[in-house]
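Note: hydrogens, waters and symmetry copies are ignored here, and every other heavy atom, side chains too, is used. Below, chains carry the letters A, B, ... as their sequence lines are ordered, and counting in each starts from 1. Nothing here was measured: the structure is a model prediction, and the numbers come from that model.
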Amino acid sequence: MKAATFNANSIRSRAGIVLDWLEANQPDVLCIQETKVQDDHFPVKAFEDCGYNFVYKGQKAYNGVATFARGQIEDVKIGLDGDESEQARFLKVNLGGVSIVNTYVPQGRAPDSEQFLYKLEWFGQLREWFDKNFSPGEDVLWMGDLNVAMDARDVHDPEKLWGSVCYCQEVQDALKDVMGWGFTDVFRQFNEEDGLYTFWDYRVPNGFKRNIGWRLDYIMASKSMAGRCTGCWVDKEPRALKKPSDHTFLVAEFDI
DNA sequence: ATGGTGGCACCGCCA
């Protein structure tokens, strides 16, 4: 099984990039975040002949998640239990016995904001949901834009950035708490060096070229899945295209 | 460099 995640920053603007990437890489599942489109405007036509089934949950202008799969999509669950916000950030499916949880974790805006509290709460509700619905022996992948840099290797300037909403003690603790359910960050099973990122801020001049980025996207695997992971890598090619997203594709392969 | 880019909905907000 090949699994991938991509923050598209508008599925309508990036439909071509997604179609080309699916065609070239043939993943079994692709989780997309920040589709930025309400459901009745989702570009269904663009994807109808691409050989993938897909489900989505969006809202106007912000957030939104979509999951593409080559095989049958079953047991779709939209929205995280306990999150009353109506923000489209959570989409779980089952693919041939593997549960795929696609999340766009709240960014958090500023450390002293309500949005930051919402981010921490959201992680808490997610941990509760995993506790209630799965046992760590099951085949589960949790992937998406988690809006957390786990350690100093995951940001370009750890000293300067420490304390920001995606790189501070509170969010690292919150993410580790969810991982405590039984998740492994499979990217770090294969890549130990620093400077390997999935996101480069548009506002940083030539940020991609200068590799001024962050690792904010993850593929988290339950024990049984992590043990069968044979590789995990960042595909930076889409970032070199015209009109790229600010994120790129993260990919993992599993012996299943 | 106290700005800069990008998407969406609307003339600001969010990342």
A.B. asks: Answer yes or no for Arg215(A) and Phe199(A): cation-pi contact, defined as NZ/CZ to six-membered ring centre under 6.0 Å and angle to ring axis within 45°.
C.D. replies: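 Arg215(A) over Phe199(A) ring: no.
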A.B. asks: Specify the separation, in whole Å, of atom CZ of Arg89(A) and atom C1' of dC14(B).
C.D. replies: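 Distance, rounded to whole Å: 10 Å.
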A.B. asks: Is a side-chain N or O of Asn191(A) found less than 3.5 angstrom from the main chain of Cys232(A), in a donor-acceptor match?
C.D. replies: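 Yes: the side chain of Asn191(A) pairs with the backbone of Cys232(A).
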A.B. asks: Closer than 4.0 Å, any side-chain N/O of Ser13(A) to the OP1 or OP2 of dC8(B)?
C.D. replies: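 Answer is yes, contact under 4.0 Å.
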A.B. asks: Taking the side chain of Tyr104(A) as heavy atoms from C-beta outward, which of dA15(B), dG7(B), dA9(B) is closest to it?
C.D. replies: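 The answer is dA15(B).
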A.B. asks: To the nearest Å, give me how far apart CG (Asn9(A)) and C1' (dC8(B)) are.
C.D. replies: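 Nearest whole value for this atom pair: 10 Å.
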A.B. asks: Measure CH2/Trp200(A) against C1'/dA15(B) and give the value in whole Å, please.
C.D. replies: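 Rounding to the nearest Å, CH2 of Trp200(A) and C1' of dA15(B) are 16 Å apart.
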A.B. asks: More than 12 non-hydrogen atoms from neighbouring residues, nucleotides or ligands closer than 6.0 Å to CD on Glu48(A), yes or no?
C.D. replies: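 Yes, CD of Glu48(A) has more than 12 neighbouring heavy atoms, counting only those of other groups under 6.0 Å.
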A.B. asks: Could you write out DNA chain B as a dot-bracket string, with dots for unpaired bases, | for bases paired across to another strand, and Watson-Crick or G-U pairs counted at under 3.5 Å?
C.D. replies: ....((((...))))
A.B. asks: Hey, is CD on Gln115(A) packed in by over 12 heavy atoms from elsewhere, all under 6.0 Å?
C.D. replies: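 Yes, enclosed.
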A.B. asks: Pair up each side-chain donor or acceptor in residues 89-101 of chain A with any protein partner under 3.5 Å, not counting sequence neighbours, and list the distances.
C.D. replies:
from     : atom 1 : to        : atom 2 : distance (Å)
Arg89(A) : NE     : Gln87(A)  : OE1    : 2.8
Arg89(A) : NH1    : Tyr104(A) : O      : 3.0
Arg89(A) : NH2    : Asn63(A)  : OD1    : 3.2
Arg89(A) : NH2    : Gln87(A)  : OE1    : 2.8
Lys92(A) : NZ     : Asp75(A)  : O      : 3.0
Asn94(A) : OD1    : Gly97(A)  : N      : 2.9
Asn94(A) : ND2    : Ser99(A)  : OG     : 3.4

A.B. asks: Can you tell me how far P of dG12(B) sits from NZ of Lys60(A), to the nearest Å?
C.D. replies: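 To the nearest whole Å, that distance equals 17 Å.
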A.B. asks: With rounding to the closest Å, how many angstrom separate the C1' atoms on dG3(B) and dA9(B)?
C.D. replies: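 About 24 Å, rounded to a whole number of Å.
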A.B. asks: For dG6(B) and Arg203(A) - does any side-chain N or O of the residue sit under 4.0 Å from the phosphate oxygens OP1/OP2?
C.D. replies: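 No, outside the criterion.
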A.B. asks: Once you round it to whole Å, what is the distance between C1' of dC8(B) and CZ of Arg14(A)?
C.D. replies: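 In whole Å, dC8(B) C1' and Arg14(A) CZ are 12 Å from each other.
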A.B. asks: Taking for each residue the nucleotide of DNA chain B bearing the nearest heavy atom, is the 5' side occupied by Gln107(A) or by Thr35(A)?
C.D. replies: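 Here Thr35(A) is the residue nearer the 5' end.
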A.B. asks: Between the side chain of Gln172(A) and the main-chain N/O of Gln169(A), is any donor-acceptor distance below 3.5 Å?
C.D. replies: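 Not confirmed, Gln172(A) side chain does not pair with Gln169(A) backbone.
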A.B. asks: Which nucleotide sits closest to the side chain of Pro205(A): dA15(B), dA1(B), dA9(B)?
C.D. replies: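 In terms of side-chain proximity for Pro205(A), the closest of dA15(B), dA1(B), dA9(B) is dA1(B).
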A.B. asks: Whole angstroms only, please: what is the OH-P distance between Tyr202(A) and dC8(B)?
C.D. replies: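 The distance from OH of Tyr202(A) to P of dC8(B) comes to 10 Å, rounded to the nearest Å.
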A.B. asks: Walk me through whether Arg239(A) and Asp235(A) qualify under salt bridge (Lys or Arg N to Asp or Glu O under 4.0 Å).
C.D. replies: CA-CA 8 Å; Arg239(A) 257 316 301 247; Asp235(A) 182 0; over 6 Å; no
A.B. asks: Rounding to a whole Å, what distance do you find between Asp246(A):CG and dG7(B):C1'?
C.D. replies: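 Distance check: Asp246(A) CG to dG7(B) C1' gives 10 Å.
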A.B. asks: Can you check the distance between dT2(B) and dC13(B), where both ends of the measurement are the P atom (answer in whole Å)?
C.D. replies: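 Their P atoms lie roughly 24 Å apart.
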A.B. asks: What distance, rounded to whole Å, do you find between the two P atoms, one in dG6(B) and one in dC10(B)?
C.D. replies: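 It works out to 22 Å between them.
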A.B. asks: Between Asn63(A) and Arg12(A), who's closer to the 5' end of DNA chain B by nearest nucleotide?
C.D. replies: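 The answer here is Arg12(A).
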A.B. asks: Could you measure between the two C1' atoms, the one in dG12(B) and the one in dA1(B), and give it in whole Å?
C.D. replies: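 Those two atoms are separated by 25 Å.
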A.B. asks: Using the side-chain heavy atoms of Lys36(A), tell me which of these nucleotides is nearest: dC8(B), dT5(B), dA15(B).
C.D. replies: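 Nearest to the side chain of Lys36(A) among the choices is dC8(B).
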A.B. asks: So with a 6.0 Å cut-off around NZ of Lys223(A), is the heavy-atom count from everything else above 12?
C.D. replies: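 No, because the 6.0 Å sphere around NZ of Lys223(A) holds 12 heavy atoms or fewer from other groups.
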A.B. asks: Rounded to whole Å, how long is the line connecting atom CH2 of Trp214(A) with atom P of dA15(B)?
C.D. replies: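 Computing the Trp214(A):CH2 to dA15(B):P distance gives 14 Å.
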